[in-house]
2 protein chains.
Amino acid sequence: MAKRRTDGLSKEVIVQAAAAILDDGGEAALTFRALTARLSTGYGAIYHHVANKSDLLAAATDAVITRVTSNAVVDAEPREALRTVSLGLFDAIDAHPWVGAQLSREPWRPALVEIYERIGGLLEALGVPERALFDAAGALVNYVLGVAGQNAANARLLAVDQGDRSAFLAGVSAQWASLDPARYPFVHKAATHLREHDDREQFLAGVDIFLAGIAALHQRRTS
Amino acid sequence: MAKRRTDGLSKEVIVQAAAAILDDGGEAALTFRALTARLSTGYGAIYHHVANKSDLLAAATDAVITRVTSNAVVDAEPREALRTVSLGLFDAIDAHPWVGAQLSREPWRPALVEIYERIGGLLEALGVPERALFDAAGALVNYVLGVAGQNAANARLLAVDQGDRSAFLAGVSAQWASLDPARYPFVHKAATHLREHDDREQFLAGVDIFLAGIAALHQRRTS
DNA sequence: ACCTGAACACCGTTCAAGT
DNA sequence: ACCTGAACACCGTTCAAGT
């Protein structure tokens with residue numbers, strides 16, 4: 001250590017190192033000090049390629065999302081392609097929770113443009129009429145972002161408490177079950193389902209509700 | 001200044017002061033130094049009532065959300081009550097963007113339990129069958145959280161750039177319009193809609209898609 | 001052009017000491 | 001029991017100086 005790098009630094013190398021730190025230790029672990037240590041360099045070298053920490057996080061997020069959205073789903077009908085792309089986003093965010101937190105934070109960045117393009121394009125291919133297209137795309141993208149935020153939050157909690165996922169769910173479930181059924185009838189009942197539910201399946205169920213809603217709204221003849 | 005408080009401190013007073021600072025200057029403005037100055041007290045006094053900064057943010061969020069969810073919508077049919085509660089959450093998050101950021105961050109806290117209870121309860125009143133109820137509530141809550149995150153991000157950007165809302169939208173719209181129509185056909189087309197759209201209306205359109213989807217899925221007889 | 005690393009201006013949080 | 005504020009262990013970011 002403490003020896004000088006022989007190869008040149010680049011934004012790509014920096015972003016890759018940042019992503020590795022984020023995957024290993026979560027958002028709190030990404031500091032410029034950790035980054036300089038991993039890259040055997042100084043602060044200024046990093047700032048020469050990257051504007052600031054926010055820029056770095058955004059670039060790392062863009063890289064992950066582009067990998068998912070550019071995965072062409074060949075010869076699949078739009079409905080199935082939408083489910084595949086949605087699930088791809090879900091899995092990517094599950095594997096890299098910091099992406100979820102970032103997506104709910106800087107929506108004008110390239111990563112979100114990619115997502116809008118992919119989902120909007122598939123909805124159009126599905127036959128959603130133009131007047132309904134933008135509301136539909138906005139709703140579906142916001143749903144995905146909502147799940148992304150939740151995933152990130154759960155991952156953060158799991159990182160703090162050492163316990164595994166099922167222990168965590170059991171804990172929240174017990175907490176929900178202990179609420180007064182008179183004041184919280186729904187949440188009290190939901191406690192059981194929470195313990196048994198599958199995140200991926202529930203996510204897909206939400207996508208299906210959306211697609212059914214879009215179909216229902218633009219096909220009915222009477223108000 | 002620098003004079004000692006005569007009245008005692010309480011968690012409620014601290015949380016209220018924190019909310020005022022957040023409303024005035026955004027999330028970055030809430031520091032323990034700013035809080036001690038506003039309350040004419042020391043750090044230890046605050047830590048005596050509040051575990052840490054995360055606890056403080058969560059408590060402030062709970063207070064805002066409870067105000068919305070406890071607003072009983074009397075004698076309204078479930079469908080209309082769902083729209084009213086959703087819009088109430090949208091407006092509250094619009095007025096306090098830090099609530100949006102926080103909601104996508106600590107989902108096991110009381111604020112989210114309140115939201116699940118309200119929305120889940122209304123979906124049940126709408127006649128959604130039990131087997132579909134929890135997926136439906138999860139999807140709708142995640143949609144609301146997604147919009148919450150976006151709202152918070154937009155507010156953060158508007159706070160940095162001095163420009164107003166329409167100037168911001170015009171800027172993003174111009175950026176989208178400048179994208180290559182061959183590579184980004186949907187986003188390129190969406191640029192116009194983005195400039196003209198109404199956030200509240202689009203949010204409600206998403207809620208309607210959901211409700212239509214839930215109705216469609218649990219009423220159809222054939223698969 | 002690209003890199004180094006001491007220094008600056010902040011943070012959240014702790015804790016011995018006060019009343 | 002409740003409060004004070006100096007001190008600690010961090011941050012992101014800058015910038016004069018090097019190659």
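Below, chains carry the letters A, B, ... as their sequence lines are ordered, and counting in each starts from 1. Bear in mind the structure is a predicted one, so any value in this text is a computation, not a measurement. Computed over heavy atoms, backbone and side chain alike; hydrogens, waters and symmetry mates excluded.
Whole-Å rounding puts the B/Leu35 CG to D/dG5 C1' distance at 15 Å. Taking atom NZ on A/Lys11 and atom P on C/dC2, their separation rounds to 14 Å, with Å as the unit. Rounding to whole angstrom units, CD1 of residue A/Ile46 and C1' of C/dA1 are separated by 17 Å.
Between A/His49 and C/dC3 there is a side-chain polar atom (N or O) within less than 4.0 angstrom of OP1 or OP2.
Below 30°, between 30° and 60°, or above 60°: for B/Phe210 and A/Phe210 the angle between ring planes is between 30° and 60°, a tilted geometry.
The one candidate from A/Val207, A/Val144, A/Asp199 that meets the side-chain contact (heavy atoms from CB on, under 4.5 Å) condition with A/Phe90 is A/Asp199.
Using N1 to N3 plus N6-O4 or O6-N4 for Watson-Crick, or N1-O2 and O6-N3 for G-U wobble, each under 3.5 Å, D/dA6 pairs with C/dT14.
Contact check on B/Arg183 versus A/Glu117 returns no salt bridge, with no Lys/Arg side-chain nitrogen under 4.0 Å from an Asp/Glu carboxylate oxygen.
Taking CD from B/Glu12 and CD1 from B/Ile14, the interatomic distance works out to 11.0 Å, rounded to the nearest 0.5 Å.
Between B/Val64 and B/Ala92, the shortest heavy-atom contact is CG1-CB, 4.2 Å. Minimum interatomic distance between A/Ala45 and A/His49 (heavy atoms only, all atoms of both residues): O-CD2, 3.2 Å.
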Could you run through nucleotides 6-14 of chain D and give me one letter per nucleotide, 5' to 3': B if any protein heavy atom sits under 4.0 Å from the base, S if only the sugar-phosphate is that close, - if neither? BB---BBBB

